[in-house]
Every structure is written in C-alpha cells, then in structure tokens.
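Scroll down for the structure; my scribbles are underneath it.
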Amino acid sequence: MRIYNTMTRKKEELVPVTPGEVKIYACGPTVYNFFHIGNARPFIVFDTLRRYLEYRGYKVSFVQNFTDIDDKMINRANEEGITVKELADRYIEEYYKDADALGIERATVNPRATENVQEIIELITTLIEKGHAYATEDGDVYYDTHSFAGYGKLSGQPLDDLEAGARIEVGEKKRSPSDFALWKAAKPGEPFWDSPWGEGRPGWHIECSAMSMKYLGKTFDIHAGGMDLIFPHHENEIAQSEGATGQTFAKYWMHNGYINVDNKKMSKSEGNFFMVREISKEYDLEAVRLFMLSAQYRNPVNFSRELIEQAKSSLERLKNAKDRIEDAAKNGVDGEVDPEFAELLKKHSQAFIDAMDDDLNTADALSVLFELIRETNIRFADPRPKKEAEAALKLLNELTGVLGILGKKDSIPQEILEKAEERQSARKAKDWKRADALRDEIAAAGYAVEDTPNGPKVKKA
RNA sequence: GGCGCCAUAGCCAAGCGGUAAGGCAGAGGACUGCAAAUCCUUCAUCCCCGGUCCGAUUCCGGGUGGCGCCUCCA
C-alpha cells in the first residue's frame, strides 16, 4: 500500500517497522463537548484505514487518545459546575455513542491524558536532562525549540520563519516565542498533579508523545490527524519524542483535509460547525460515513444537507443490491458458480484493493463497489445458483465491511409486516384500492413495500 | 512575508501523458395492476493563456478564482 506522507510530501510504500504489523496513533478529541462532523472525518477515515489494513492481513494496533485535561476542559467544567473528571467521563461516553453510530470500531486502546501523567512527567524529565527543556521559577516547563535541529521539518517551515509569524504573549517567560509548554504550574481551582517542578498539569502536546510511545514504542508506523495539527501539534510531538529518544518517531504522517461549510473551514472557533449528534437526529449516520468516504481523504469537502441526501440515496442503492443478493442466496437454484462470474468477482475485488492501496482512495473504491452491484443486480434478477449469490455476498460483505457501511440491518416492526401481508392478500384478490391504501399506511409509518419476484419486501424508507 | 492545497457535467467525485470511472438529480424506454426496486439509452473535452511532446484534463511557466497553516482547533 502506498500512503501520502506529509513528512516527505510524497506517496510512499508502507513498510511497517515490524513486518505484518501496523501501529497507528491518531489524535483523538478533547472531551469537553459532543464532537462535530469536522472531528468525525479523521475518526472515519483512519478507522477505514485500520479496517483496510486488517482486511489485508495486518495486525493493527490503533491508539487514539482522549485529551481530558486542558484549558477548554477546565473552563467548561467550571461553567457547568462539575469536576473536570466528571466532564470527561460524560463526553467520553457521548463520544462512543456517536462513534458507534458512525461505524467507528473501538480503538485498541483509548488512553486518557490524566491516566498517563506519570509517563508524561518521566518524558519531561528526560527532555530536561537532555537539554531540550527548561523549567521556569514559577513551575512551568517549556520545550526549547532551538535545541532541536529538526524543528520545522514536518511543516516545512524553518524556525526563523515560524517565529516571524508567532504571536508574542504578554508576560512571556519563554526563551523564544516558538517554545511551548510541557508542564503548566497549577492555578487556583485547577486540577493538578505533583511533579518535580511543583504542582501542575501537562501541556497539550506532550500527552500525545507520552501515550503514543507508551503503547506503540519509540518508533511506530503511522501518526494520523487533521491537517490543522501539522503545526504546531505534530511538529511539537516530533521535537518531544525524537528529542527524548534520538530515534525516528513516526515513519508516516497522514493528515486528512477539512470539512468546509460554504467553502470555509468548519471549526469550533468559527462557530459554523454541525454536531454529529444534531445530524443524527435527522439522518442515519451511515449516510454521513458514506459522504465522508465519497472523497479522497486529503481533499477538502464541503458539508451540506444536500450532500448527505445524495449520500443517503447512494447508500439506498447499495442496500437494495445487498437485499437482492441475500434473496438470491435464499431462493437460489442448485448448481455451481459460473467460472466467468467467479472471474468477475475476482476482478472487482482486485480493483477495490488497487484503489485502496493508492493512498486510501475510497472514492475510487466506492466506484468499484457500484460497478460490482450493477453486475449482481443484472445477474440476480433471474434465478441463479445459490452458490453464486453466496460468493457475491461474501465479497460484498468484505468490501462494505472495509468501508464500514451496510453493517446493520433495519428491523421492521411486526405491525408493519402484518400490513404488508394484508396488502399481499388484497393484491391476490386484485383489490387494488385496498392494497394501495395499505401501502400508503406503511409509507406513512416510514417504511416502503416493494413487490419482487420473491414476494413483497418491506424496508425502511 | 514564509509554507501549502484546490479548480473535471445541474450537484458530488475519481482519473493525472494516449483522446473523460462512479454516485445523486434529470430525460426517454423496458419491467410492474399501479408503484418501488432494477436494467437499457441519454447527459462534460476537464478555469484561462503560453510551452514541452507524435499526443496534455494529466508535465512546465504565467494568469484568474477559491481555501488552509504559520494562534486553541480534526
């Protein structure tokens, strides 16, 4: 598989540190609120990466952190009159609800910053020993960016240029404007931990270095996140980790593009964002997942209600095709798989892999899926061997499984099924008025009946 | 000022040197009691100007128009 590495700005062949295993660290959410669909993109994209690598036979360790201590956490907890821990617990729970609905598999580990403070302190200690960090009199610790020769290598910005644009803060205790906090001395009313520099809490960047190396080792394969994390977050992680170990931190850096609204970046600070939770009230989040995968992950995509509608329609087509194949598997005739059909399945399977191998080109992979279902739609319109349908279903399930869609079945309420049966009786009696009235009733309840050669099918509208 | 991305049909989106995948929407047709689903047909020469090449949407240069990072942010 080839992936675009932000570090080299080229697509590179993925060669894992340990053959057969891929270790991935993805920056997770700060759990002070529900997450918005801009946050959802990396979750979905890198979940898909993980699923794909597993599909290709790799053992994948996927670590995604929860930032559960920082300024936003503290402010929000204060506003709500609860502790930072209570706030974190609440929104971690809410995170899982939305993530589950988006088809995001649970990470191998979801470490929390506050549960790894010891590791963080150890890492900071090492950095001070190695001359990469310094403590101030009042108990802050900063990273000395000038001490790390590679600073700026990920963002492609020389330190001087970065500093030229940096904001100089009032009351600066840092030696250089580009230095950043590793440890912040406790302020009254804030959660704190004991440390060699006094009571305080970790800075934002250090947690990811500490947790990624704790769970994945000094050098791991892929570090992923949104493009806006390239600078300063990931640049700082590199400085911290490589400064401490002297080894390469992550071999590949993957960054997803933004979700825009009206062509402008969606962000909490802009206020033009949509919460996943809000969207879920109106749409099945599976459609949101498909929408996210309909473009290559590095390109920016605009978000709009119309596009979710489009994705929903596409998803419908996929679901219908799957239903058709499942029926064919149930009602199929005896006989062996036509070799030509077996060949066709193989061809599509390979095309899908080729697309995904090319830097996770889900848009192209999706087109393979649609080409496949056109073939199966044609083929299973007439009775075919059960074994053919089973083979097709197996492939379809594999591919949709990689994309994380079509994983669940809609359940149809008993009374709707009864209405459908009643309608079928009416149809047999050629009582079209009665049949149509029942169909309208079913539609009003949010379901649809379709008459197929194998009898009426009821599905969610 | 530094670094970087993007521009393909009504909408979304692949392709990135050999004459434009796929989806949504639309139109016509087949099938259907009528529908729905499905199938068939139909729907673009790829922002502009130069250059390289036998050949460019695809490479190079220059425009124009969008966007991002350099400050918390996926």
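Just so we're clear, the structure is a prediction, and the values are computed from it rather than from any experiment. Throughout, a chain's letter reflects where its sequence line sits, starting with A, and its residues are numbered from 1.
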As a test of understanding, state which of A/Lys312, A/Glu309, A/Glu278 forms a side-chain hydrogen bond (donor to acceptor under 3.5 Å, both in side chains) with A/Tyr283.
A/Glu309
With respect to the side chain of A/Ser367, which nucleotide from B/rA74, B/rA21, B/rU38 is positioned closest?
B/rA21
Using OP1 and OP2 only, check whether a side-chain N or O of A/Lys264 sits under 4.0 Å from B/rC67.
yes
Using the C1' atoms only, state how far B/rA21 lies from B/rC53, rounded to an integer number of Å.
26 Å
Select one nucleotide: of B/rC24, B/rG68, B/rU38, the one nearest the side-chain heavy atoms of A/Tyr258.
B/rG68
Distance, P atom - from B/rC60 to B/rG17, rounded to whole angstrom:
11 Å
Of the candidate nucleotides B/rC69, B/rC12, B/rG66, which contains the atom at the shortest distance from the side chain of A/Ser294?
B/rC12
To the nearest 0.5 Å, what is the distance between CG (A/Leu393) and CD1 (A/Ile325)?
6.0 Å
Would you say B/rC69 has OP1 or OP2 under 4.0 Å from some side-chain N or O of A/Lys265?
yes
Of all heavy-atom pairs between A/Pro232 and A/His205, which one has the smallest distance, and what is that distance?
CG-CE1, 4.1 Å
Does B/rA37 have OP1 or OP2 under 4.0 Å away from a side-chain N or O of A/Asn377?
no
Paired with B/rA56 by Watson-Crick or G-U wobble geometry, both distances under 3.5 Å: which nucleotide is it?
none
Which part of the nucleic acid, if any, lies within contact of A/Arg379, taking any heavy atom under 4.0 Å across all strands shown: a base, the sugar-phosphate backbone alone, or nothing?
nothing
Checking N1-N3 plus N6-O4 or O6-N4 for Watson-Crick, or N1-O2 and O6-N3 for wobble, each under 3.5 Å, the partner of B/rA13 is none
Give a yes or no on whether a donor-acceptor pair under 3.5 Å exists between the nucleobase atoms of B/rA35, that is its base, and the side chain of A/Arg439.
yes
Minimum-distance nucleotide to A/Gln310 side chain [options: B/rU38, B/rG68, B/rG23]:
B/rG23
Strictly by Watson-Crick or wobble contacts shorter than 3.5 Å, is anything paired with B/rU19, and which nucleotide is it?
none
Taking the P atom in each of B/rC3 and B/rG62, what is the distance between them to the nearest angstrom?
14 Å
Give a yes or no on whether the ring-centroid distance for A/Tyr252 and A/His223 is below 6.0 angstrom.
no
Can you see if the side chain of A/Arg317 gets near the phosphate of B/rC39 - specifically, an N or O under 4.0 Å from OP1 or OP2?
yes
So what does A/Gln296 hit on the nucleic acid, given a heavy-atom distance under 4.0 Å: a base, only sugar-phosphate, or nothing?
sugar-phosphate
Pairing nucleotide - B/rG26, Watson-Crick or G-U, each distance under 3.5 Å
B/rU42
Winner on side-chain proximity to A/Glu450, out of B/rA35, B/rG66, B/rA36, is B/rA36
Less than 6.0 angstrom from the centroid, inside 45 degrees of the normal: does A/Arg298 satisfy that with respect to the ring of A/Tyr4?
yes
Using a 4.0 Å heavy-atom cut-off, does A/Ile259 contact any base of the nucleic acid, only the sugar-phosphate backbone, or nothing at all?
base
For B/rC11, does OP1 or OP2 lie under 4.0 Å from any side-chain N or O of A/Asn302?
no
The side chain of A/Pro232 is closest to which nucleotide in this list: B/rC72, B/rA35, B/rC11?
B/rC72
Which whole number of Å gives the distance between the P atom of B/rA36 and that of B/rG22?
24 Å
Could you work out the separation of B/rU32 and B/rC39 based on their C1' atoms and round it to a whole Å?
13 Å
For nucleotides B/rU45 and B/rC6, find the distance between their P atoms and express it as a whole number of Å.
24 Å
Taking any heavy-atom pair under 4.0 Å as a contact, classify A/Gly225: base, sugar-phosphate, or nothing.
sugar-phosphate
Would you indicate what A/Lys72 reaches in the nucleic acid, counting non-hydrogen atoms under 4.0 angstrom: base, sugar-phosphate, or nothing?
sugar-phosphate
Upstream residue (5' side of RNA chain B) when A/Phe370 and A/Val301 are each assigned their closest nucleotide
A/Val301
Criterion ring pair (Phe, Tyr, Trp, His ring centres under 6.0 Å) against A/Phe35, the qualifying member of A/Phe274, A/Tyr91, A/Phe273, A/Phe43:
A/Phe43
So, applying salt bridge (charged side-chain N to carboxylate O under 4.0 Å, His left out) with A/Lys457, which one of A/Asp410, A/Asp323, A/Asp327 is it?
A/Asp327
Given B/rA74, is OP1 or OP2 found less than 4.0 Å from the side-chain N or O atoms of A/Asn39?
yes
Report the nucleotide, chosen from B/rC11, B/rA37, B/rC24, that has the shortest atom-to-atom distance to any side-chain atom of A/Asn320.
B/rA37
Watson-Crick or G-U counterpart of B/rG68, or none if no pair lies under 3.5 Å
B/rC3
Nearest of B/rA25, B/rA74, B/rC72 to any side-chain atom of A/Ser313?
B/rA25
From B/rC69, B/rA74, B/rG23, nucleotide with atom closest to A/Phe231 side chain:
B/rC69
Between B/rA14, B/rG22, B/rA74, which nucleotide gets closest to the side-chain atoms of A/Asp364?
B/rA14
Donor-acceptor pair under 3.5 Å, A/Asn75 side chain vs B/rC72 base
no
For the P atoms, the ones on B/rG18 and on B/rA13, what distance do you get once it is rounded to whole angstrom?
24 Å
Between B/rA35 and B/rC48, how far apart are the P atoms? Round to whole Å, please.
44 Å
Using the rule for Phe, Tyr, His and the six-membered ring of Trp, do A/Trp432 and B/rG33 stack at under 5.5 Å and under 30°?
yes
May I ask you to check if A/Arg317 and A/Phe370 form a cation-pi contact, with NZ or CZ under 6.0 angstrom from the six-membered ring centre and within 45° of the axis?
no
A/Ala435 or A/Arg298: which one's nearest nucleotide on RNA chain B is closer to the 5' end?
A/Arg298
Under the 3.5 Å rule, do the base of B/rG2 and the side chain of A/Asp160 count as making a donor-acceptor pair?
no
